[in-house]
Trainee: 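Take this structure first; my questions come after.
Whatever order the structure lists ligands and atoms in, that order sets their numbers, starting from 1. Hydrogens, waters and symmetry mates are skipped; everything else that's a heavy atom, side chains included, is used.
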Amino acid sequence: MNRPDISLVIPVFNEAQNLRSLAARLASAVDACDVSYEAIFVDDGSSDDSLEILRDLCAEEPRFRALSLSRNFGKEVAIIAGLDATLGRAVVIMDADLQHPPEVIPHFIEKWREGYKNVYGQRIDRATDPKLRIAFTHVFYRLLENFGDVRLPPGAGDFRLLDRQAVDALLTMRERARFNKGLFAWIGFKSIGVPFDVEDRAGGTSKFNFVRLARFALDGLMSFSSIPLKVWTYVGLAISAFAIAMAGYYWARTMVFGVDTPGFPTLVVSIAFFSGVQLISLGVLGEYVARIFNEVKGRPLYLVAERLGENEATNGKAGD
Ligand code: UDP
Ligand code: MG
């Protein structure tokens, strides 16, 4: 069994418009590098013609393979499904919409040859994204930076090259609420950034709407920070201290001036306030418990419906 130098992993969700131009650009960029390679497309339950196009591409090009997942599992899981299938000495992960220019791959390979094991593409700006998304992204990264237990290099995303050693490390982590960007940083290894210009999406639209991105951001924060869980102890302590002080104040007042107004507003306000605090902290607990529940169920990360262009050696791998 021949091990290629480079395995490319490309998650695909309704990218029919982009696949052919991607395949062409990819082949010419990597061919220039004097490496052997394979490309693994992961069809993440597309509902357009993506799978049919992949079928053609895999038939035309022996170095292309594809997995078709049984439904849409999300990009993070699609990437892991692809990584599970790789054989290469290094793996390059990239989007299918040509926002990650294949022409950067030779620079990745150069750095890899210099001994770097975690070579990440660093986007030069986020000008192609909507303003609101840029603002929220900024807040999210600031939160993670201050309260999380990983350091994410600025501008780094999924577009990267990982040495086999880093890939194997990554694949030991089978968590379900996946935030790959955090995991890429968590594994460490000798890392370096390679700047690249994000291109406009070639065709189609982004698969991440606001709600999906918000869920994803929450996954990221919850997987890499337990601060939201712990902060309530301090909030609770502060509020209780305030309540005791308030009690002292009212006691002293009553002793000096006797009972005045029945204190209806104070009561209503404090009941509402403390109920709010309790519900929020319960909600935070719930978020973590739901994630624990998900992990404990131990379901496979993904299910493969079909493998294209595959040889026996890699068949029958489970996605647990
Ligand atoms: N993608 C996927 N599964 C999903 C959503 C997206 O495999 O559920 C793929 C998509 O086909 C693309 C990559 O992930 O190759 C990035 O998606 P997109 O371009 O929509 O995200 P954005 O660039 O807006 O972050
Ligand atoms: Mg994109």
Trainee: Tell me which protein heavy atom sits closest to atom 9 (C) of ligand 1, plus the residue, atom name and distance to 0.1 Å.
Mentor: P11 O, 3.8 Å
Trainee: Please determine whether any non-hydrogen atom of R212 lies less than 4.0 Å from an atom of ligand 1.
Mentor: yes
Trainee: Verify whether the ring centers belonging to F196 and F159 lie closer than 6.0 Å.
Mentor: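 Close enough - the centres of the two rings lie under 6.0 Å apart.
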Trainee: Could you tell me whether K75 approaches ligand 1 through its side chain, its backbone, both or neither, with non-hydrogen atoms closer than 4.0 Å?
Mentor: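 For K75, the contact with ligand 1 is made by both the backbone and the side chain.
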Trainee: What residue among L171, V167, I79, I40 forms side chain to side chain contact (heavy atoms under 4.5 Å, CB included) with D84?
Mentor: L171
Trainee: Just heavy atoms, cut-off under 4.0 Å: does V12 contact ligand 1 by side chain, backbone, both, or neither?
Mentor: backbone
Trainee: How far is atom 23 (O) of ligand 1 from the closest protein heavy atom, and which atom is that?
Mentor: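 Ranked first by proximity to atom 23 (O) of ligand 1 is Q99 OE1, 2.6 Å.
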Trainee: Have a look at T205, V198, D95, D158 and point out the one with the heavy atom closest to atom 16 (C) of ligand 1.
Mentor: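 The residue whose heavy atom sits nearest atom 16 (C) of ligand 1 is D95.
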Trainee: To 10°, measure the OE1(Q99)-the Mg ion (ligand 2)-OD2(D97) angle for me.
Mentor: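 About 100° at the Mg ion (ligand 2).
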Trainee: With a 4.0 Å heavy-atom cut-off (strictly under), which part of N72 contacts ligand 1: side chain, backbone, both or neither?
Mentor: side chain
Trainee: Quick test: of every protein heavy atom, which one is nearest to atom 12 (C) of ligand 1, and how far off is it to 0.1 Å?
Mentor: E15 OE2, 3.3 Å
Trainee: Specify the protein heavy atom at minimum distance from atom 22 (P) of ligand 1: its residue, its atom name, and the distance to 0.1 Å.
Mentor: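 Result for atom 22 (P) of ligand 1: S206 OG, 3.7 Å.
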